[in-house]
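Working notes for the structure below.
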Amino acid sequence: QVQLVESGGGSVQAGGSLRLSCAASGYTVSVSSYCMGWFRQAPGKEREKVAIMGGGSTYYSDSVKGRFTISQDNAKNTLYLQMNSLKPEDTAVYYCAADDRTRLCHWLHYKYWGQGTQVTVSS
């Protein structure tokens with residue numbers, strides 16, 4: 001019903017930038033009305049929230065606040081994560097997620113997930 005496809009991951013040196021994209025498809029999905037988010041998981045660690053938007057609110061984890069920006073292009077039905085001033089600690093698999101609920105987006109267990117894309121930051 002809902003498909004999410006991430007792109008834009010790769011390898012970058014510390015201090016560099018990457019922009020991740022998440023293309024959403026399915027006849028019921030709309031990035032403008034769904035709760036949308038970016039999560040990440042590093043080896044040996046549990047998945048953590050990175051940035052969430054929806055329900056009139058935007059959330060960033062303390063570790064990325066001021067460096068990462070979540071945004072969306074409604075015409076392209078695409079979610080973005082602009083990542084600046086990257087650190088080795090940002091190395092992880094990054095996942096796009098969506099939910100058809102429209103409020104309390106920060107607290108949801110999301111229904112739909114992309115396949116993940118690797119981000120590696122070297123020193």
Looking at side-chain heavy atoms only, is the closest gap between [X] and [Y] below 4.5 Å?
X	Y	result
W113	V2	no
S61	F68	no
M36	C96	yes
C105	M53	no

From [X] [atom1] over to [Y] [atom2], what is the distance, rounded to the nearest 0.5 angstrom?
X	Y	atom1	atom2	answer
I52	F39	CD1	CZ	4.0 Å
L86	R67	CG	CZ	6.5 Å
L4	Y110	CG	OH	11.5 Å
L108	K49	CG	NZ	9.0 Å
Q72	Y80	CD	OH	10.5 Å
Y94	E6	OH	CD	12.5 Å

Please check if [X] and [Y] belong to a single hydrophobic cluster, counting links between Ile, Leu, Val, Met, Phe, Trp and Tyr side chain heavy atoms closer than 4.5 Å.
X	Y	answer
L81	Y112	yes
I70	V50	yes
V119	W38	yes

Does CD in Q41 sit with more than 12 non-hydrogen atoms of other residues, nucleotides or ligands closer than 6.0 Å?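 Yes, enclosed.
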Please say whether more than 12 non-hydrogen atoms of neighbouring residues, nucleotides or ligands are located less than 6.0 Å from NZ in K111.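 Atom NZ in K111 is packed in, count exceeds 12.
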Provide the closest heavy-atom pair for [X] versus [Y] in the form atom of the first, atom of the second, distance.
X	Y	value
L18	G8	CD2-O, 3.9 Å
Y34	A98	CD2-CB, 4.0 Å
S123	P88	CB-CG, 4.3 Å
A42	A92	N-CB, 3.9 Å

Quick test of your reading of the model: are D62 and K65 salt-bridged, counting only N-O distances below 4.0 Å?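 Result for this pair is yes, salt bridge flagged.
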Sub-3.5 Å donor-acceptor pair from the side chain of D73 to the main-chain atoms of T78, do we have one?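 No, the answer is negative, given that no donor and acceptor are paired below the 3.5 Å cut-off.
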M83 pairs by side-chain contact (heavy atoms from CB on, under 4.5 Å) with which of D90, L20, V12?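 With M83 as partner, side-chain contact (heavy atoms from CB on, under 4.5 Å) holds for just one option, L20.
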